[in-house]
Amino acid sequence: MNLPAPQTIAVIGAGLAGLSCAQALLQAGHIVHVFDKSRGPSGRMSTRRAEDEHGPWQCDHGAQYFTARDPAFRAEVARWQRAGVAAVWDARLASFDGSIWTTPHTPLERFVGTPRMTSPAAWLVQSLGDRALARWQTTIQGLDRTEGGWTITSAEHGPLHQRYDAVMLAVPAPQAVPLLAPVAPAGAAVAASARMRGSWAVMLRYAAPVAMPWEGAFINTGPLRWVARDSSKPGRTGAETWLLHATAEWSDAHIEDNAESVTATLLAAFAALGGPTPLAVIAHRWRYADTEPALTLGSWWNASLRLGMCGDWLNGGKVEGAWLSGRTLAAQM
(Lines give C-alpha, C1' and ligand atoms only; values in the text may rest on other atoms or scores of the structure.)
Protein backbone atom coordinates (compact mmCIF):
# COMPACT_ATOMS: atom_id res chain seq x y z
CA MET A 1 0.00 0.00 0.00
CA ASN A 2 1.34 3.43 -0.93
CA LEU A 3 0.95 5.93 1.88
CA PRO A 4 0.20 9.57 0.93
CA ALA A 5 3.22 11.85 0.94
CA PRO A 6 3.58 14.10 4.00
CA GLN A 7 2.14 17.56 3.50
CA THR A 8 3.54 20.80 4.85
CA ILE A 9 0.87 22.62 6.83
CA ALA A 10 0.77 26.06 8.44
CA VAL A 11 -1.09 26.36 11.74
CA ILE A 12 -1.73 29.99 12.62
CA GLY A 13 -2.28 30.40 16.35
CA ALA A 14 -0.61 28.53 19.21
CA GLY A 15 -3.41 28.36 21.72
CA LEU A 16 -4.72 24.96 22.71
CA ALA A 17 -6.79 24.50 19.52
CA GLY A 18 -3.84 25.21 17.25
CA LEU A 19 -1.45 23.02 19.25
CA SER A 20 -3.97 20.17 19.39
CA CYS A 21 -4.40 20.40 15.61
CA ALA A 22 -0.62 20.50 15.08
CA GLN A 23 -0.12 17.50 17.38
CA ALA A 24 -2.69 15.40 15.48
CA LEU A 25 -1.26 16.39 12.07
CA LEU A 26 2.24 15.42 13.18
CA GLN A 27 0.95 12.09 14.45
CA ALA A 28 -0.49 11.54 10.95
CA GLY A 29 2.97 12.05 9.46
CA HIS A 30 2.76 15.63 8.19
CA ILE A 31 5.18 18.54 8.59
CA VAL A 32 3.77 21.44 10.59
CA HIS A 33 4.82 25.07 10.99
CA VAL A 34 3.13 26.92 13.88
CA PHE A 35 2.92 30.72 13.92
CA ASP A 36 1.80 33.01 16.73
CA LYS A 37 1.94 36.76 17.26
CA SER A 38 2.84 36.34 20.95
CA ARG A 39 6.21 35.59 22.52
CA GLY A 40 5.21 31.98 23.18
CA PRO A 41 2.33 29.51 23.16
CA SER A 42 -0.86 29.24 25.26
CA GLY A 43 -3.36 31.78 23.90
CA ARG A 44 -5.89 32.53 26.64
CA MET A 45 -4.45 29.84 28.94
CA SER A 46 -2.17 32.63 29.99
CA THR A 47 0.01 33.64 32.94
CA ARG A 48 1.51 37.08 33.56
CA ARG A 49 4.93 37.12 35.20
CA ALA A 50 6.19 40.39 36.62
CA GLU A 51 8.84 41.83 38.90
CA ASP A 52 8.63 45.07 40.83
CA GLU A 53 10.22 46.61 43.91
CA HIS A 54 8.53 43.93 46.02
CA GLY A 55 10.03 41.06 44.02
CA PRO A 56 8.87 38.60 41.33
CA TRP A 57 5.30 37.35 41.05
CA GLN A 58 2.94 35.60 38.65
CA CYS A 59 -0.80 35.31 38.12
CA ASP A 60 -3.03 33.39 35.68
CA HIS A 61 -5.10 36.08 33.99
CA GLY A 62 -6.89 34.17 31.21
CA ALA A 63 -8.60 30.80 31.61
CA GLN A 64 -8.76 30.07 35.33
CA TYR A 65 -9.30 26.32 35.22
CA PHE A 66 -10.67 23.68 32.88
CA THR A 67 -12.82 20.59 33.07
CA ALA A 68 -12.54 17.30 31.17
CA ARG A 69 -15.65 15.34 30.20
CA ASP A 70 -14.80 13.92 26.77
CA PRO A 71 -12.89 10.60 27.05
CA ALA A 72 -10.21 11.67 24.56
CA PHE A 73 -9.60 14.95 26.38
CA ARG A 74 -9.59 13.20 29.75
CA ALA A 75 -6.86 10.91 28.40
CA GLU A 76 -4.89 13.96 27.22
CA VAL A 77 -5.23 15.66 30.61
CA ALA A 78 -4.01 12.45 32.25
CA ARG A 79 -0.89 12.70 30.05
CA TRP A 80 -0.41 16.28 31.26
CA GLN A 81 -0.77 15.14 34.85
CA ARG A 82 1.84 12.42 34.38
CA ALA A 83 4.17 15.01 32.84
CA GLY A 84 3.66 17.31 35.84
CA VAL A 85 2.12 20.16 33.81
CA ALA A 86 -1.47 19.88 35.13
CA ALA A 87 -3.18 19.00 38.41
CA VAL A 88 -6.58 19.10 40.07
CA TRP A 89 -7.35 22.38 41.85
CA ASP A 90 -9.40 21.39 44.88
CA ALA A 91 -10.49 24.91 45.69
CA ARG A 92 -13.03 26.09 48.24
CA LEU A 93 -15.66 27.80 46.08
CA ALA A 94 -18.48 30.19 46.83
CA SER A 95 -21.15 32.17 44.99
CA PHE A 96 -22.50 35.62 45.85
CA ASP A 97 -25.74 37.12 44.53
CA GLY A 98 -25.36 40.54 46.17
CA SER A 99 -26.82 39.60 49.53
CA ILE A 100 -26.30 35.88 50.21
CA TRP A 101 -23.20 33.70 49.96
CA THR A 102 -23.74 30.08 48.96
CA THR A 103 -21.46 27.09 48.41
CA PRO A 104 -21.77 25.27 45.07
CA HIS A 105 -22.30 21.54 45.58
CA THR A 106 -20.80 20.15 42.40
CA PRO A 107 -18.48 17.12 42.25
CA LEU A 108 -16.74 18.71 39.26
CA GLU A 109 -13.00 18.21 38.87
CA ARG A 110 -11.29 21.48 38.02
CA PHE A 111 -7.80 21.27 36.51
CA VAL A 112 -5.11 23.91 36.18
CA GLY A 113 -1.73 24.03 34.51
CA THR A 114 1.25 23.60 36.85
CA PRO A 115 3.25 25.49 37.87
CA ARG A 116 1.32 27.99 35.74
CA MET A 117 -1.57 27.93 33.30
CA THR A 118 0.76 28.16 30.30
CA SER A 119 2.49 24.87 31.20
CA PRO A 120 0.35 22.42 29.15
CA ALA A 121 0.83 24.52 25.99
CA ALA A 122 4.59 24.79 26.56
CA TRP A 123 4.77 21.02 27.07
CA LEU A 124 2.79 20.42 23.86
CA VAL A 125 5.22 22.59 21.89
CA GLN A 126 8.17 20.60 23.28
CA SER A 127 6.45 17.31 22.43
CA LEU A 128 5.94 18.33 18.78
CA GLY A 129 9.58 17.45 18.12
CA ASP A 130 11.75 18.06 15.07
CA ARG A 131 8.98 17.76 12.45
CA ALA A 132 7.42 20.99 13.72
CA LEU A 133 8.70 24.55 13.45
CA ALA A 134 7.35 27.20 15.82
CA ARG A 135 7.76 30.90 15.03
CA TRP A 136 6.81 33.40 17.71
CA GLN A 137 6.14 37.15 17.37
CA THR A 138 4.95 36.53 13.82
CA THR A 139 1.63 38.21 13.05
CA ILE A 140 0.04 36.65 9.97
CA GLN A 141 -1.83 39.33 8.03
CA GLY A 142 -2.36 37.79 4.58
CA LEU A 143 -3.03 34.48 2.82
CA ASP A 144 -2.59 33.88 -0.90
CA ARG A 145 -3.30 30.72 -2.87
CA THR A 146 -1.08 29.98 -5.88
CA GLU A 147 -0.47 26.95 -8.08
CA GLY A 148 2.36 25.95 -5.76
CA GLY A 149 0.20 26.11 -2.64
CA TRP A 150 -0.52 28.68 0.03
CA THR A 151 1.80 31.59 0.81
CA ILE A 152 1.47 33.60 3.98
CA THR A 153 2.57 37.13 4.81
CA SER A 154 3.49 38.41 8.24
CA ALA A 155 3.60 41.96 9.51
CA GLU A 156 7.12 41.46 10.85
CA HIS A 157 8.77 39.51 7.99
CA GLY A 158 6.67 40.14 4.88
CA PRO A 159 5.89 37.21 2.53
CA LEU A 160 7.40 33.95 3.78
CA HIS A 161 9.24 31.81 1.21
CA GLN A 162 7.62 28.50 2.24
CA ARG A 163 4.68 27.13 0.24
CA TYR A 164 2.06 25.26 2.26
CA ASP A 165 -0.25 22.47 1.17
CA ALA A 166 -2.85 23.55 3.72
CA VAL A 167 -3.45 26.36 6.21
CA MET A 168 -5.24 25.98 9.56
CA LEU A 169 -6.43 29.11 11.36
CA ALA A 170 -6.62 28.79 15.14
CA VAL A 171 -7.28 32.43 16.03
CA PRO A 172 -10.24 34.33 17.51
CA ALA A 173 -13.12 34.73 15.06
CA PRO A 174 -12.68 38.51 14.53
CA GLN A 175 -9.03 37.93 13.58
CA ALA A 176 -9.99 35.17 11.12
CA VAL A 177 -12.45 37.36 9.18
CA PRO A 178 -9.92 39.66 7.42
CA LEU A 179 -7.64 36.70 6.62
CA LEU A 180 -10.45 34.69 5.04
CA ALA A 181 -12.48 37.39 3.32
CA PRO A 182 -10.24 37.69 0.20
CA VAL A 183 -9.73 33.93 -0.25
CA ALA A 184 -12.70 32.13 1.35
CA PRO A 185 -15.79 34.35 1.79
CA ALA A 186 -17.84 31.41 3.12
CA GLY A 187 -15.32 30.85 5.90
CA ALA A 188 -15.23 34.56 6.65
CA ALA A 189 -19.03 34.50 7.01
CA VAL A 190 -18.80 31.68 9.54
CA ALA A 191 -16.24 33.61 11.58
CA ALA A 192 -18.26 36.82 11.33
CA SER A 193 -21.30 35.05 12.76
CA ALA A 194 -19.52 34.40 16.07
CA ARG A 195 -19.96 37.14 18.66
CA MET A 196 -16.86 37.25 20.83
CA ARG A 197 -16.94 39.22 24.06
CA GLY A 198 -14.20 41.04 25.93
CA SER A 199 -13.00 40.72 29.51
CA TRP A 200 -10.96 42.89 31.82
CA ALA A 201 -8.63 41.05 34.21
CA VAL A 202 -6.86 42.64 37.17
CA MET A 203 -3.99 40.82 38.90
CA LEU A 204 -3.20 41.63 42.55
CA ARG A 205 -0.01 41.04 44.54
CA TYR A 206 0.11 40.94 48.35
CA ALA A 207 2.89 40.73 50.94
CA ALA A 208 1.14 38.00 52.95
CA PRO A 209 -1.73 35.51 52.53
CA VAL A 210 -5.17 37.12 52.36
CA ALA A 211 -7.68 35.51 54.72
CA MET A 212 -10.92 34.83 52.85
CA PRO A 213 -13.34 31.92 53.41
CA TRP A 214 -12.92 30.74 49.80
CA GLU A 215 -10.28 30.43 47.07
CA GLY A 216 -12.62 31.07 44.18
CA ALA A 217 -15.92 32.93 44.02
CA PHE A 218 -18.56 33.44 41.34
CA ILE A 219 -19.92 36.97 41.77
CA ASN A 220 -23.40 37.55 40.34
CA THR A 221 -23.73 41.23 41.08
CA GLY A 222 -21.84 44.36 40.07
CA PRO A 223 -18.87 44.51 37.68
CA LEU A 224 -17.09 41.37 38.94
CA ARG A 225 -17.82 37.86 37.66
CA TRP A 226 -14.97 35.83 39.19
CA VAL A 227 -12.46 36.30 42.02
CA ALA A 228 -9.73 33.77 42.77
CA ARG A 229 -6.73 33.30 45.02
CA ASP A 230 -4.33 32.36 42.25
CA SER A 231 -1.57 31.38 44.67
CA SER A 232 -3.83 28.63 46.09
CA LYS A 233 -3.53 26.62 42.88
CA PRO A 234 -1.23 23.58 42.96
CA GLY A 235 2.41 24.14 42.10
CA ARG A 236 2.37 27.85 42.89
CA THR A 237 5.18 29.26 44.98
CA GLY A 238 6.21 32.78 45.87
CA ALA A 239 4.02 35.84 46.31
CA GLU A 240 0.36 35.86 47.33
CA THR A 241 -1.65 36.71 44.22
CA TRP A 242 -5.34 37.17 43.40
CA LEU A 243 -7.21 37.58 40.13
CA LEU A 244 -10.31 39.66 39.40
CA HIS A 245 -12.33 39.04 36.23
CA ALA A 246 -15.01 41.52 35.20
CA THR A 247 -18.28 40.38 33.65
CA ALA A 248 -18.48 40.23 29.85
CA GLU A 249 -21.24 42.86 29.84
CA TRP A 250 -19.29 45.31 31.99
CA SER A 251 -16.08 44.62 30.08
CA ASP A 252 -17.69 45.25 26.69
CA ALA A 253 -19.17 48.51 27.95
CA HIS A 254 -15.76 49.62 29.25
CA ILE A 255 -13.45 47.90 26.76
CA GLU A 256 -11.86 51.21 25.66
CA ASP A 257 -11.48 52.61 29.19
CA ASN A 258 -7.98 53.12 30.51
CA ALA A 259 -6.44 50.54 32.82
CA GLU A 260 -6.37 52.94 35.78
CA SER A 261 -10.12 53.55 35.86
CA VAL A 262 -10.89 49.85 35.29
CA THR A 263 -8.54 48.88 38.12
CA ALA A 264 -10.11 51.40 40.50
CA THR A 265 -13.63 50.09 39.81
CA LEU A 266 -12.74 46.41 40.19
CA LEU A 267 -10.63 47.02 43.33
CA ALA A 268 -13.58 48.84 44.90
CA ALA A 269 -15.82 45.87 44.09
CA PHE A 270 -13.27 43.49 45.63
CA ALA A 271 -12.99 45.70 48.73
CA ALA A 272 -16.76 45.45 49.14
CA LEU A 273 -16.30 41.66 49.35
CA GLY A 274 -13.64 42.06 52.06
CA GLY A 275 -10.55 42.20 49.86
CA PRO A 276 -7.64 44.33 51.16
CA THR A 277 -5.58 46.86 49.21
CA PRO A 278 -2.81 45.13 47.22
CA LEU A 279 0.87 46.03 47.03
CA ALA A 280 0.82 45.99 43.22
CA VAL A 281 -1.72 45.59 40.43
CA ILE A 282 -1.63 44.83 36.69
CA ALA A 283 -4.66 45.14 34.41
CA HIS A 284 -5.06 43.22 31.17
CA ARG A 285 -7.72 43.72 28.50
CA TRP A 286 -8.88 40.62 26.63
CA ARG A 287 -10.72 41.84 23.56
CA TYR A 288 -11.76 38.30 22.63
CA ALA A 289 -12.30 36.32 25.82
CA ASP A 290 -15.28 34.13 25.02
CA THR A 291 -18.15 33.63 22.56
CA GLU A 292 -21.82 34.01 23.46
CA PRO A 293 -23.28 31.87 22.20
CA ALA A 294 -20.40 29.70 21.01
CA LEU A 295 -20.88 27.93 17.67
CA THR A 296 -21.28 24.15 17.57
CA LEU A 297 -19.70 23.34 14.20
CA GLY A 298 -16.69 21.72 15.83
CA SER A 299 -14.41 23.12 13.14
CA TRP A 300 -14.57 24.45 9.57
CA TRP A 301 -12.77 22.84 6.62
CA ASN A 302 -12.79 23.59 2.87
CA ALA A 303 -11.29 20.55 1.15
CA SER A 304 -10.93 22.18 -2.27
CA LEU A 305 -9.04 25.16 -0.84
CA ARG A 306 -7.16 23.11 1.78
CA LEU A 307 -8.10 25.75 4.34
CA GLY A 308 -9.61 25.30 7.81
CA MET A 309 -10.46 26.89 11.14
CA CYS A 310 -10.54 25.57 14.68
CA GLY A 311 -11.04 27.12 18.10
CA ASP A 312 -13.16 27.04 21.23
CA TRP A 313 -15.54 29.54 19.61
CA LEU A 314 -16.41 26.89 16.99
CA ASN A 315 -16.99 24.13 19.51
CA GLY A 316 -19.08 25.27 22.43
CA GLY A 317 -16.38 27.34 24.15
CA LYS A 318 -14.03 26.34 26.99
CA VAL A 319 -10.57 24.77 27.04
CA GLU A 320 -11.89 21.28 26.31
CA GLY A 321 -13.82 22.59 23.29
CA ALA A 322 -10.64 24.18 21.93
CA TRP A 323 -8.61 20.97 22.18
CA LEU A 324 -11.38 18.89 20.58
CA SER A 325 -11.85 21.44 17.78
CA GLY A 326 -8.18 21.17 16.81
CA ARG A 327 -8.37 17.38 16.71
CA THR A 328 -11.58 17.50 14.66
CA LEU A 329 -10.03 19.80 12.07
CA ALA A 330 -6.94 17.61 11.73
CA ALA A 331 -9.15 14.55 11.24
CA GLN A 332 -11.18 16.34 8.56
CA MET A 333 -8.02 17.08 6.58
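Count residues from 1 along the sequence.
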For the residue pair Phe218 and Trp226, categorise the inter-ring angle as parallel (less than 30°), tilted (30 to 60°) or perpendicular (more than 60°).
tilted
Quick one: sort the His33 and Phe35 rings into parallel, tilted or perpendicular, breaks at 30° and 60°.
perpendicular
Give the minimum heavy-atom separation between Ala184 and Leu307, together with the two atoms involved.
CB-CD2, 3.7 Å
Fit a plane to each ring of Phe111 and Phe66, take the angle between them on a 0 to 90° scale, and name the class: parallel (under 30°), tilted (30 to 60°) or perpendicular (over 60°).
parallel
Considering all heavy atoms, the nearest Ala176-Ala191 contact
CB-CB, 4.1 Å
Please report the shortest heavy-atom distance between Val34 and Val32, naming the atom on each side.
CG2-CG1, 4.0 Å
side-chain contact (heavy atoms from CB on, under 4.5 Å) assessment of Leu267 paired with Thr277
CA-CA 8 Å; Leu267 280 179; Thr277 302; over 6 Å; no
Arg92 meets the salt bridge (charged side-chain N to carboxylate O under 4.0 Å, His left out) criterion, sequence neighbours left out, with Glu215
Taking it one step at a time, do Thr328 and Leu314 satisfy side-chain contact (heavy atoms from CB on, under 4.5 Å)?
CA-CA 11 Å; Thr328 300; Leu314 276 160; over 6 Å; no
Could you state whether Trp200 and Ile219 fall into the same hydrophobic cluster, counting links through intermediate Ile, Leu, Val, Met, Phe, Trp or Tyr residues with side-chain heavy atoms under 4.5 angstrom apart?
yes
Evaluate side-chain contact (heavy atoms from CB on, under 4.5 Å) for Leu143 paired with Tyr164, printing each intermediate quantity in order.
CA-CA 11 Å; Leu143 306 175; Tyr164 293 98; over 6 Å; no
Quick one: sort the Phe73 and Trp80 rings into parallel, tilted or perpendicular, breaks at 30° and 60°.
perpendicular
Begin with the C-alpha distance, continue with both residues' side-chain angles, and end with the deciding distance and a verdict on side-chain hydrogen bond (donor to acceptor under 3.5 Å, both in side chains) for Thr138 and Glu156.
CA-CA 6 Å; Thr138 303; Glu156 297 83 359; 5.1 Å; no
Could you go through the ring pair (Phe, Tyr, Trp, His ring centres under 6.0 Å) check for Tyr288 and Trp313 one step at a time?
CA-CA 10 Å; Tyr288 310 120; Trp313 61 271; over 10 Å; no
Given the rule in the salt bridge (Lys or Arg N to Asp or Glu O under 4.0 Å) test, do Asp252 and Arg195 qualify, once you have shown the distances and angles that lead to the verdict?
CA-CA 12 Å; Asp252 277 347; Arg195 178 179 174 264; 3.7 Å; yes
Taking all atoms of both residues into account, what is the closest heavy-atom pair of Gly98 and Thr221, and its distance?
CA-CG2, 3.4 Å
Salt bridge (charged side-chain N to carboxylate O under 4.0 Å, His left out) contacts touching residues 298-315 (sequence neighbours left out)
Arg44-Asp312
Step-by-step side-chain hydrogen bond (donor to acceptor under 3.5 Å, both in side chains) determination, Thr67 to Arg69:
CA-CA 7 Å; Thr67 57; Arg69 295 176 175 87; 3.0 Å; yes
Can you confirm whether the side chains of Ser199 and Asp290 place a donor and an acceptor under 3.5 Å from each other?
no
With sequence neighbours excluded, what pairs up with Arg287 under the salt bridge (charged side-chain N to carboxylate O under 4.0 Å, His left out) test?
Glu256
Ser304 and Asn302: side-chain hydrogen bond (donor to acceptor under 3.5 Å, both in side chains), yes or no, with the steps?
CA-CA 6 Å; Ser304 61; Asn302 185 308; 2.7 Å; yes
